[in-house]
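Lettering follows sequence order; numbering is per chain, from 1.
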Number of protein chains: 2
Amino acid sequence: MAIPRSGPNMSAIAAALGVSAATVSNALSGKGRVSPELIERIRAKAAELGYVPSLAARALRTGRTGVLGLVLPDIANPLFPQIAQAIENAASNAGYGVLIADSRGDVARQTEAINRLLERGVDGMVIVPRRGTRIADVGCPVAVIDTPSTPGNTVAADHWDGGAQMGRHLSSLGHRKVLLIGTSASSNVQNDRIGGLKAGLGAGVECEVLWIEKVEAAGGEGCPLGLAERAEAGFTAFAAVSDLSALRALTELQRAGIGVPEAVSVTGFDDLVWSPVVTPALTTMRMDMAAIADLAIAALIRAIGPEGEAEEALAGRVASETDRVPMQLVIRQSTGAPYSGGTPNSHAQPPIKPTAGEHKS
Amino acid sequence: MAIPRSGPNMSAIAAALGVSAATVSNALSGKGRVSPELIERIRAKAAELGYVPSLAARALRTGRTGVLGLVLPDIANPLFPQIAQAIENAASNAGYGVLIADSRGDVARQTEAINRLLERGVDGMVIVPRRGTRIADVGCPVAVIDTPSTPGNTVAADHWDGGAQMGRHLSSLGHRKVLLIGTSASSNVQNDRIGGLKAGLGAGVECEVLWIEKVEAAGGEGCPLGLAERAEAGFTAFAAVSDLSALRALTELQRAGIGVPEAVSVTGFDDLVWSPVVTPALTTMRMDMAAIADLAIAALIRAIGPEGEAEEALAGRVASETDRVPMQLVIRQSTGAPYSGGTPNSHAQPPIKPTAGEHKS
DNA sequence: ATGCCCTGATTAAACGTTTAAGCACGCATA
DNA sequence: TATGCGTGCTTAAACGTTTAATCAGGGCAT
């Protein structure tokens with residue numbers, strides 16, 4: 001039955017101008033030998049007729065679909081919007097479409113998702129792997145966004161350095177006993193951030209790591225983390241490696257009547273949507289997602305190559321050396337110098353008005 | 001140069017079995033007349049050779065790509081993960097791929113995004129429109145997810161009823177003066193929720209609407225909303241129409257030393273990631289995104305149709321009557337009976353331990 | 001005047017599938 | 001025995017593009 005495509009095709013343009021379809025193709029792609037005047041006439045005619053090339057036909061002929069796959073560990077992850085937006089933008093600037101696939105935190109589903117994309121003929125894919133997963137060789141160019149310490153990684157924020165920056169920030173404010181809060185000990189990203197934090201805080205600072213996953217294994221999901229007790233025990237700063245944990249810490253401390261930042265400081269990571277609008281606004285580390293996405297897409301496109309001949313050599317991982325993109329410290333109102341008189345807990349929340357949030361320029 | 005596709009094609013199977021390619025096609029699609037035994041042999045051979053059909057060739061021939069587009073007002077929206085995940089899941093169950101397009105909150109970009117998807121030959125698209133936008137006729141089946149009161153909407157959560165449920169919840173707790181908090185007065189979804197809230201609260205309850213957009217126009221982004229003053233003025237409940245605003249309210253009130261839920265109650269909408277883990281955990285309304293996505297995809301597939309002949313009739317909007325999916329009230333710790341002795345403000349945060357969060361079963 | 005190369009175009013095949021149309025054969029009916 | 005029909009398969013065309021191969025013609029050197 002063959003559903004007729006809406007618009008005109010190359011033959012229509014060719015017929016209208018009395019030339020062959022191949023010439024139209026050459027003119028529009030700029031590949032063969034066509035006289036400049038004719039190229040112009042063809043361009044004009046194409047525009048006049050509202051010609052739109054059939055991506056399907058092109059894909060069939062060239063083996064290139066012009067589509068990239070984006071595989072995410074869990075779309076429900078709050079960081080996802082930033083990633084997806086940046087990747088979509090970078091890809092679309094490069095003329096590629098983005099097909100999404102969610103692995104829902106499951107390794108089996110991750111493989112399945114990758115296969116679905118492969119069947120759809122994506123030219124390459126960006127994979128943000130599930131924590132601790134190593135991506136096996138796929139049948140197409142792949143860019144992995146995880147953390148520089150992950151083997152086979154392509155491009156990532158410099159999580160370690162981000163941790164170090166935050167560590168120095170807290171240390172320079174005078175904090176000497178800091179609780180580091182992570183979600184899962186199996187996350188490479190979180191481990192790198194924590195490593196950086198420890199290094200940035202320096203040898204003179206006492207610190208301890210709290211893994212939420214372990215606390216919840218005992219107390220159930222969403223259970224209290226017992227941060228008030230930690231404050232009483234002398235911790236003056238709570239450095240979470242994710243804004244979600246930071247928010248959890250902030251509200252738990254506030255709720256216990258411990259003032260932030262007067263009594264203790266709280267910091268996060270990733271500058272998620274709520275960070276600028278909570279009270280006090282969260283001091284956090286921001287990734288340059290746009291830069292990361294640009295690098296990932298550029299690497300992918302390089303690997304896809306202009307002709308696909310040397311693909312064999314590049315088919316596996318896209319780059320040998322990971323590109324590290326620096327993170328940026330965003331100082332807001334949740335950090336300050338540690339309270340130095342009395343116990344932190346005695347320093348109840350003041351009846352002051354909340355400080356004004358940052359005003360974006 | 002023609003990059004050779006990896007796997008075998010129909011001709012390979014046909015050759016191996018000594019039959020024609022057309023028969024293979026018929027056997028695998030179950031369309032033509034092929035003997036049961038031969039079908040079985042062909043199936044087996046296909047599996048043996050690891051045959052994967054070329055979607056490009058099929059698309060070229062049939063005019064169907066098997067890909068749906070997902071157009072979002074702003075990927076950075078915190079609600080987006082839920083939507084994308086649900087749509088991706090529903091589509092992939094139905095054998096469709098999902099191409100994303102971000103309109104970045106911009107109407108012009110929204111049109112542009114739609115066109116990009118169209119050029120890529122999507123079979124249909126799911127559009128979550130930018131606030132207040134009406135989707136013009138596109139050249140393919142479209143499912144609009146907004147709110148039932150939007151003309152041309154296809155499927156949506158029953159935002160009004162959700163508001164009503166929340167209103168009744170607050171009213172039954174005894175609240176008689178409630179501040180409704182919205183972001184933008186131009187959002188149909190938010191207006192519906194607020195309408196429902198007012199109705200659910202009933203005539204005996206005094207309420208006022210605070211639009212954050214207006215406050216920020218004067219005070220700058222992220223500025224304080226002045227909720228402590230509202231509490232002093234006798235408001236005992238703060239019902240936000242988004243969890244982001246609710247979180248903002250919660251932290252601002254906590255920071256001012258006003259106990260939630262002892263002194264005042266705070267409620268949100270959408271059950272975003274952080275809602276269960278903040279202290280106190282947020283009482284909120286949850287959408288059944290999976291159901292919404294299933295309905296949207298089902299409607300789309302119905303409109304795409306088995307043959308595409310009657311497409312003319314359905315090309316515009318997919319359904320005449322909007323499917324309303326009920327919302328679900330999730331009661332957590334941020335709501336309670338209003339404090340009845342003294343002024344709310346005098347009831348400072350108690351030095352109690354935070355209550356335990358909900359434990360998922 | 002002949003041969004050669006360069007330019008600007010054309011022709012034709014190919015990518016892998018779907019599908020309308022056709023064909024041969026066996027079986028039942030007239 | 002001829003007619004007709006349903007079954008099971010084949011043939012061939014088509015979808016719209018890209019691209020290798022070819023070709024006609026003009027300018028230039030020999």
Side-chain angles (χ1 to χ4, degrees), chain A residues 1-42 45-46 49-66 119-121 123 306-309, chain B residues 1-42 45-46 49-66 119-121 123 306-309:
Chain A
M1 95 141 301
I3 298 152
R5 273 215 330 149
S6 41
N9 54 20
M10 285 195 162
S11 313
I13 300 179
L17 259 50
V19 299
S20 78
T23 302
V24 175
S25 173
N26 283 328
L28 294 179
S29 69
K31 285 200 172 175
R33 293 178 302 207
V34 188
S35 67
E37 314 94 289
L38 185 47
I39 289 189
E40 205 34 63
R41 285 207 297 145
I42 289 178
K45 202 58 167 181
L49 298 180
Y51 167 71
V52 174
S54 155
L55 280 313
R58 180 177 296 169
L60 176 57
R61 177 64 231 240
T62 62
R64 303 282 183 71
T65 53
E119 288 180 16
R120 294 214 173 273
D123 293 339
E307 279 307 329
E309 10 215 0
Chain B
M1 107 132 295
I3 298 153
R5 271 214 333 148
S6 44
N9 53 19
M10 285 197 162
S11 313
I13 301 178
L17 260 49
V19 299
S20 78
T23 303
V24 176
S25 174
N26 283 329
L28 295 179
S29 68
K31 286 201 170 171
R33 295 177 301 208
V34 188
S35 69
E37 314 95 288
L38 186 48
I39 289 188
E40 204 35 62
R41 286 206 298 142
I42 289 177
K45 201 59 166 182
L49 298 180
Y51 168 70
V52 174
S54 155
L55 281 312
R58 181 176 295 168
L60 175 56
R61 177 64 231 245
T62 63
R64 303 280 183 71
T65 54
E119 288 182 15
R120 293 215 173 272
D123 294 338
E307 281 307 331
E309 10 216 359

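In the set D:dT18, D:dT11, D:dG16, D:dT11 carries the atom at the smallest distance from any side-chain atom of B:Ala22. Closest to the side chain of B:Leu60, from the set C:dT17, D:dG16, D:dT19, is D:dG16. Set against C:dT17, D:dC9, D:dT17, the side chain of B:Leu38 has D:dC9 as its closest nucleotide. Here the side chain of A:Lys31 is nearest to one of D:dT17, D:dG16, D:dT19, namely D:dT19. The side chain of A:Arg33 lies closest to C:dT7 when the candidates are D:dT10, C:dT7, D:dG16. Closest to the side chain of A:Ser35, from the set C:dA9, D:dG16, C:dT17, is C:dA9.
Atom CZ in B:Arg120 sits roughly 15 Å away from atom P in D:dT17 (whole-Å rounding).
A close approach under 4.0 Å does not occur between any side-chain nitrogen or oxygen of A:Thr23 and OP1 or OP2 of C:dA9. Taking 4.0 angstrom as the limit, A:Ser20 places a side-chain polar atom (N or O) nearer than this to OP1 or OP2 of C:dT10. At C:dT18, one or more side-chain N or O atoms of B:Ser25 fall inside 4.0 Å of OP1 or OP2 (strictly under the cut-off). The phosphate of D:dA14 (OP1 or OP2) has no side-chain N or O of B:Arg61 nearer than 4.0 angstrom.
In this structure, A:Tyr51 and A:Val24 have side chains that are not in contact, with every pair of non-hydrogen atoms separated by 4.5 Å or more. Under the 4.5 Å side-chain criterion, counting only non-hydrogen atoms from C-beta, B:Arg41 is in contact with B:Leu38.
One N or O on the side chain of A:Thr65 and one on the backbone of A:Gly121 form a donor-acceptor pair closer than 3.5 Å. In this structure, the side chain of B:Asp123 engages the main chain of B:Gly66 through a donor-acceptor pair within 3.5 Å.
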